[in-house]
Amino acid sequence: MRISESGTGWKELRPWLAMAGGIMLGIVIGSVLFFGLPARAEAPQPKVLATQPPRISVPGLKIGSPAPLFDLLRPEGASVRLADQLGQVVLLNFWATWCGPCRIEMPLIQEAYDTFKDRGFVALGVNFDEPAEAVTAFAQELQVTFPLLLDPGGEVQRQYLIRGYPTTVILDREGRIQVYHIGSLTKSQLDAYLKQVGLVP
């Protein structure tokens with residue numbers, strides 16, 4: 001095909017050029033999505049040994065600092081005060097009924113409670129702003145016997161700077177924060193944490 005000076009040939013090529021440009025653009029975008037952008041070189045990070053105590057990653061709370069106190073109600077109306085638990089190892093589990101990982105790890109916490117409750121161990125499940133009926137149904141379904149507490153408006157969640165569920169905070173017998181774990185727990189993690197606070201020899 002001859003391209004004339006009048007430009008009629010360009011009119012015939014225009015659809016093909018547009019198609020070729022679209023194909024090239026699609027290849028570029030697809031490559032970025034599939035392979036990603038070139039990674040920047042990062043400085044090597046120091047290795048964290050398994051024997052090191054977990055460090056809190058939430059600004060405003062520090063390992064070894066006193067835990068914020070609270071007074072919350074159980075679904076049936078009984079009051080639970082954190083100050084009354086002084087002298088015991090306390091596991092605070094922040095959770096919600098709609099949280100899948102919370103549901104998965106709850107039996108693990110129940111097992112620890114059954115094993116260590118006679119050795120000065122308390123587990124408290126602080127629910128996020130849900131009706132008492134929903135919390136009661138959850139406890140019955142999963143056969144949870146340790147106290148599940150209501151936190152209307154999420155006031156205690158804010159005190160503990162909860163960013164996601166589940167989050168577990170473990171206090172020593174003096175009421176100081178020793179563990180702040182974001183995400184679901186494994187049995188080995190929980191065992192290591194309980195050993196760290198002196199509950200497990």
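Each residue takes its place number in the sequence, starting with 1. Below, each value reflects all heavy atoms present in this structure, side chains not excepted, and no hydrogens, waters or symmetry copies.
In terms of heavy-atom proximity, Ala134 sits nearest to Thr97 at O-CG2, 4.0 Å. Ala123 and Tyr113 make their closest contact through N-CD1, 4.0 Å (heavy atoms, listed as atom of the first residue, atom of the second, distance). Of all heavy-atom pairs between Gln85 and Val80, the closest is NE2-CG1, 4.1 Å. Considering all non-hydrogen atoms of both residues, Gly154 and Asp129 come closest at N-CB, 4.3 Å. Between Thr145 and Arg74, the closest heavy-atom pair is O-NH2, 4.2 Å. Closest of all the heavy-atom pairs between Leu185 and Tyr193 is CD2-CE1, 3.6 Å.
Inter-residue side-chain proximity for Glu130 and Asn127 is flagged as met; some heavy-atom pair is nearer than 4.5 Å. Residues Asn93 and Leu124 have side chains not in contact (no heavy-atom distance under 4.5 Å, counting atoms from C-beta outward). Taking the side chain as every heavy atom from C-beta outward, Met106 and Phe138 approach each other to under 4.5 Å. Side-chain contact between Phe128 and Tyr165 is present, with at least one heavy-atom pair separated by less than 4.5 Å. Within the 4.5 Å cutoff, no side-chain heavy atoms of Leu86 are placed close to those of Arg173. When side chains are defined from C-beta on, Leu82 counts as touching Val90, because their heavy atoms get closer than 4.5 Å. In this structure, the side chains of Gln196 and Val179 come closer than 4.5 Å at one or more pairs of heavy atoms.
Between atom SG of residue Cys99 and atom CD of residue Glu105 there is a gap of 7.5 Å, rounded to the nearest 0.5 Å. Residue Leu194 holds its CG atom at 5.0 Å from CD1 of Ile170, rounded to the nearest 0.5 Å. With values rounded to the nearest 0.5 angstrom, Leu91 atom CG is found 8.5 Å from Leu171 atom CG. We find the OG1-CD1 distance between Thr168 and Ile109 to be 5.0 Å, quoted to the nearest 0.5 Å. For the atom pair Ile104 CD1 and Ser184 OG, the distance stands at 7.0 Å (nearest 0.5 Å). The CG atom of Leu148 sits 13.5 Å away from the CG atom of Leu73 when rounded to the nearest 0.5 Å.
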Going through the distances and angles, do Thr186 and Gln189 end up as a side chain to side chain donor-acceptor pair (under 3.5 Å)?
CA-CA 5 Å; Thr186 65; Gln189 287 172 330; 3.3 Å; yes
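Remark: side-chain polar atoms of Asp151 are paired, donor with acceptor, to backbone N or O of Val156 under 3.5 angstrom. Arg176 contributes no side-chain N or O that, together with a main-chain N or O of Gly64, makes up a donor-acceptor pair within less than 3.5 Å. A donor-acceptor contact shorter than 3.5 Å links the side chain of Arg158 to the backbone of Gly153. Under a 3.5 Å cut-off, the side chain of Gln157 and the backbone N or O of Ile162 do not form any donor-acceptor pair.
Salt bridge annotation for Lys195-Asp191: absent, with no cationic side-chain nitrogen under 4.0 angstrom from a carboxylate oxygen.
Here Tyr160 and Phe94 bring their ring centres to under 6.0 angstrom of each other.
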Report all side-chain donor-acceptor pairs from residues 114-121 shorter than 3.5 Å, counting only partners two or more places apart or in another chain.
residue: Asp114; atom: OD1; partner: Gln110; partner atom: NE2; Å: 2.9
residue: Asp114; atom: OD2; partner: Gln110; partner atom: NE2; Å: 3.4
residue: Thr115; atom: OG1; partner: Glu111; partner atom: O; Å: 2.8

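Environment of CD in Glu155: sparse, with no more than 12 heavy atoms of neighbouring residues, nucleotides or ligands closer than 6.0 Å. Heavy atoms from other residues, nucleotides or ligands lying under 6.0 Å from CD of Glu76 number more than 12.
By the criterion of side-chain heavy atoms lying less than 4.5 angstrom apart, applied directly or through intervening Ile, Leu, Val, Met, Phe, Trp or Tyr residues, Leu150 is grouped together with Leu142 in one hydrophobic cluster.
When Thr167, Val169, Leu72 are each tested for a side-chain contact (heavy atoms from CB on, under 4.5 Å) with Val126, only one passes: Leu72.
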